[in-house]
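Chain A is the first sequence line, chain B the second, and so forth, proteins listed ahead of strands; every chain is numbered from 1.
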Protein chains: 2
Amino acid sequence: MNRRNTPAKEAVLHLLAQSGKALSHDAIERELDIDVNRATIYRVLNQFCEDEIAHRIVAEDGKQYFAICKKCEPHEVVHHHFHFRCVSCDTIECLQIPVQYAVPDGYDVRHANCVLTGTCNACA
Amino acid sequence: MNRRNTPAKEAVLHLLAQSGKALSHDAIERELDIDVNRATIYRVLNQFCEDEIAHRIVAEDGKQYFAICKKCEPHEVVHHHFHFRCVSCDTIECLQIPVQYAVPDGYDVRHANCVLTGTCNACA
DNA sequence: TTTGTAATTGCAACAAAGTTGCATTAGTAA
DNA sequence: TTACTAATGCAACTTTGTTGCAATTACAAA
């Protein structure tokens with residue numbers, strides 16, 4: 001499936017890159033300059049994840065958040081870092097802190113979804 | 001608000017305790033011996049979390065899972081351990097592995113939601 | 001430039017998870 | 001037994017995310 005460049009993709013990509021944070025679908029829809037249908041935004045975001053342009057985090061609110069973080073560009077085998085959700089400013093950011101663990105024998109970890117919640121330094 | 005003992009609460013509590021895993025609402029509804037309304041199950045589960053009898057984990061599927069784990073009974077200030085979701089047997093269990101991190105200055109962590117995903121030793 | 005194909009989009013309908021208002025039922029303390 | 005109020009069931013609703021389908025549109029090839 002060849003990818004095509006479209007205004008919707010460009011706008012979402014730009015927004016994610018420029019925000020530097022993990023954004024939920026509704027935040028993206030709200031902050032986008034142009035009008036893009038909800039379904040389209042989801043499709044674009046899912047495609048970004050498929051193509052490993054962005055990664056997806058599921059927060060405690062059960063919602064998906066999408067982020068592009070340069071630091072994890074060279075996708076490691078276990079490209080996992082903590083995320084921080086600030087309850088005050090309601091944003092999620094990627095922390096450059098690797099998730100460290102040692103699982104019991106026989107366990108095979110393919111993915112990690114780690115979100116810390118609290119207040120960030122800007123809101124302290 | 002005084003708590004009352006009811007068949008629904010007892011059944012859910014017993015199921016959670018006996019399963020030893022983190023269960024989603026629908027798994028609970030399915031495995032319960034008695035019929036309990038969906039809304040009631042949610043209310044019971046939320047109450048357990050409020051009373052710190054159980055804890056809630058949100059997995060990558062965006063669903064809430066509830067668990068009672070004896071090991072974390074004496075609720076530490078930061079009572080956080082990893083959870084493991086096995087994609088093969090579709091269960092979530094509490095790992096007795098503490099979540100370790102060092103957040104940047106000014107960040108105040110109140111809660112952690114960490115789920116590792118892969119295959120467990122039973123399914124390897 | 002023009003054209004053809006398939007990727008993309010919008011719309012509407014849908015599914016799943018979870019919550020809530022309200023009337024009824026049922027613990028439990030007095 | 002009684003009275004009070006917590007708990008329940010039901011139905012309606014909200015939110016998040018997905019999907020089928022017809023209409024557009026990006027883009028490579030002619």
Side-chain angles (χ1 to χ4, degrees), chain A residues 1-16 22-51 53-67 83 85 87 90-92 111 113 115, chain B residues 1-16 22-51 53-67 83 85 87 90-92 113 115 117:
Chain A
M1 191 157 0
N2 292 324
R3 301 306 192 199
R4 289 181 184 173
N5 209 20
T6 65
K9 287 189 195 179
E10 275 180 16
V12 173
L13 189 63
H14 177 261
L15 177 59
L16 281 181
L23 302 178
S24 63
H25 148 264
D26 58 295
I28 292 173
E29 186 165 8
R30 200 177 334 113
E31 295 175 27
L32 231 38
D33 298 325
I34 58 176
D35 262 358
V36 182
N37 184 271
R38 191 170 85 248
T40 300
I41 295 181
Y42 276 117
R43 282 189 276 233
V44 163
L45 290 170
N46 285 332
Q47 194 176 89
F48 285 169
C49 289
E50 231 175 79
D51 298 345
I53 292 170
H55 64 278
R56 181 195 324 260
I57 310 112
V58 176
E60 288 162 87
D61 58 6
K63 285 167 59 179
Q64 305 181 347
Y65 290 75
F66 299 85
H83 296 88
R85 172 188 178 79
V87 294
D90 194 36
T91 62
I92 295 190
H111 189 71
N113 189 80
V115 183
Chain B
M1 199 186 317
N2 292 326
R3 298 307 188 197
R4 289 180 184 174
N5 208 21
T6 66
K9 286 189 194 177
E10 275 179 15
V12 173
L13 189 62
H14 178 261
L15 177 60
L16 280 181
L23 302 178
S24 62
H25 148 266
D26 57 297
I28 292 173
E29 185 164 9
R30 202 178 330 113
E31 294 175 26
L32 233 36
D33 298 325
I34 58 177
D35 263 358
V36 182
N37 184 271
R38 190 170 85 248
T40 301
I41 295 182
Y42 276 117
R43 281 189 275 232
V44 165
L45 290 170
N46 284 333
Q47 194 176 89
F48 285 168
C49 289
E50 230 175 79
D51 299 345
I53 292 170
H55 65 278
R56 182 195 325 258
I57 310 112
V58 177
E60 288 163 85
D61 58 6
K63 286 167 59 179
Q64 303 181 348
Y65 290 76
F66 300 85
H83 296 87
R85 172 189 178 79
V87 292
D90 194 36
T91 63
I92 295 191
N113 188 81
V115 183
T117 302

* Counterpart residues, side chain to side chain contact (heavy atoms under 4.5 Å, CB included), relative to B:Ala67 (two or more places apart) ->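 Once residues adjacent in sequence are excluded, the partners of B:Ala67 under the side chain to side chain contact (heavy atoms under 4.5 Å, CB included) criterion are B:Ala22, B:His55, B:Ile57, B:Cys94.
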* Taking for each residue the nucleotide of DNA chain C bearing the nearest heavy atom, is the 5' side occupied by A:Val44 or by A:Arg38? ->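 Going by which nucleotide is closer to the 5' end, it is A:Val44.
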Tell me the interatomic distance from [X], atom [atom1], to [N], atom [atom2], rounded to whole angstroms.
{"X": "B:Lys9", "N": "C:dG27", "atom1": "NZ", "atom2": "P", "result": "11 Å"}
{"X": "A:Glu29", "N": "D:dG17", "atom1": "CD", "atom2": "C1'", "result": "12 Å"}
{"X": "B:Lys63", "N": "D:dG17", "atom1": "NZ", "atom2": "C1'", "result": "14 Å"}
{"X": "B:Arg30", "N": "C:dA16", "atom1": "CZ", "atom2": "P", "result": "13 Å"}
{"X": "B:Glu60", "N": "C:dA17", "atom1": "CD", "atom2": "P", "result": "16 Å"}
{"X": "B:Asp26", "N": "C:dA16", "atom1": "CG", "atom2": "P", "result": "10 Å"}
{"X": "A:Asn46", "N": "C:dT9", "atom1": "CG", "atom2": "P", "result": "13 Å"}
{"X": "A:Asn2", "N": "C:dG4", "atom1": "CG", "atom2": "C1'", "result": "14 Å"}

* Asked: With sugar-phosphate meaning primed atoms plus P, OP1 and OP2, does B:Asp61 contact a base, only sugar-phosphate, or nothing at under 4.0 Å between heavy atoms?
  ->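 Counting heavy atoms under 4.0 Å across all strands, no contact is made by B:Asp61.
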* Describe the nucleic acid contact of A:Asn37 in one word from base, sugar-phosphate, nothing, applying a heavy-atom distance below 4.0 Å. =>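 A:Asn37: base contact, heavy atoms under 4.0 Å.
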* Structure fact -> 5' to 3', nucleotides 23-30 of chain D under a 4.0 Å protein heavy-atom cut-off (B base, S sugar-phosphate only, - none) gives --BBS---
* Determine yes or no for a side-chain-to-main-chain donor-acceptor pair under 3.5 angstrom, with B:Lys9 supplying the side chain and B:Arg4 the backbone. =>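 Yes, B:Lys9 side chain to B:Arg4 backbone: donor-acceptor pair under 3.5 Å.
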* Given B:Tyr65, which of B:Arg85, B:His83, B:Arg56 fulfils the side chain to side chain donor-acceptor pair (under 3.5 Å) condition? ->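 When B:Arg85, B:His83, B:Arg56 are each tested with B:Tyr65, the side chain to side chain donor-acceptor pair (under 3.5 Å) holds only for B:Arg85.
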* With a cut-off of 6.0 Å (strictly less than), are more than 12 heavy atoms of other residues, nucleotides or ligands near CG of B:Asp51? ->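 Counting neighbours around CG of B:Asp51, more than 12 heavy atoms of other residues, nucleotides or ligands fall under 6.0 Å, so yes.
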* **Residues B:Ile53, B:Leu16; criterion side chain to side chain contact (heavy atoms under 4.5 Å, CB included); working and verdict** => CA-CA 10 Å; B:Ile53 292 170; B:Leu16 280 181; over 6 Å; no
Would you say a side-chain N or O of [X] is under 4.0 Å from OP1 or OP2 of [N]?
{"X": "A:Tyr42", "N": "D:dT18", "answer": "no"}
{"X": "A:Thr40", "N": "C:dT8", "answer": "no"}
{"X": "B:Gln47", "N": "D:dA7", "answer": "yes"}

* Show your reasoning for whether side chain to side chain contact (heavy atoms under 4.5 Å, CB included) applies to B:Val44 and B:Val36. => CA-CA 10 Å; B:Val44 165; B:Val36 182; 6.0 Å; no
* Yes or no on side chain to side chain contact (heavy atoms under 4.5 Å, CB included) for B:Val12 and B:Ile28, after CA distance, side-chain angles and deciding distance? -> CA-CA 7 Å; B:Val12 173; B:Ile28 292 173; 4.3 Å; yes
* To do: Take the C1' atoms of the five end pairs on each side of the helix from C:dT1-D:dA30 to C:dA30-D:dT1, get both axes, and report the angle to 10 degrees.
  =>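 What I find for the helix from C:dT1-D:dA30 to C:dA30-D:dT1 is an axis angle of 30°.
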* In terms of side-chain heavy atoms, does A:Glu10 have a donor or acceptor partner in A:His14 at a distance below 3.5 Å? ->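 A:Glu10 vs A:His14: no donor-acceptor pair found between side chains.
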* Measure the CD1-CZ distance between A:Ile41 and A:Phe66 for me, rounded to the nearest 0.5 Å. =>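 If we round to the nearest 0.5 Å, A:Ile41:CD1 and A:Phe66:CZ are 10.5 Å apart.
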* Asked: Within the modelled atom types, does a donor on one side and an acceptor on the other bring the side chain of A:Arg43 and the base of C:dG10 under 3.5 Å apart?
  ->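 For A:Arg43, whose side chain was compared with the base of C:dG10, there is a donor-acceptor pair (under 3.5 Å).
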* Compare all side-chain heavy atoms of B:Asp26 with those of B:Lys63 and state whether any distance is below 4.5 angstrom. =>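 Yes - at least one pair of side-chain heavy atoms lies under 4.5 Å apart.
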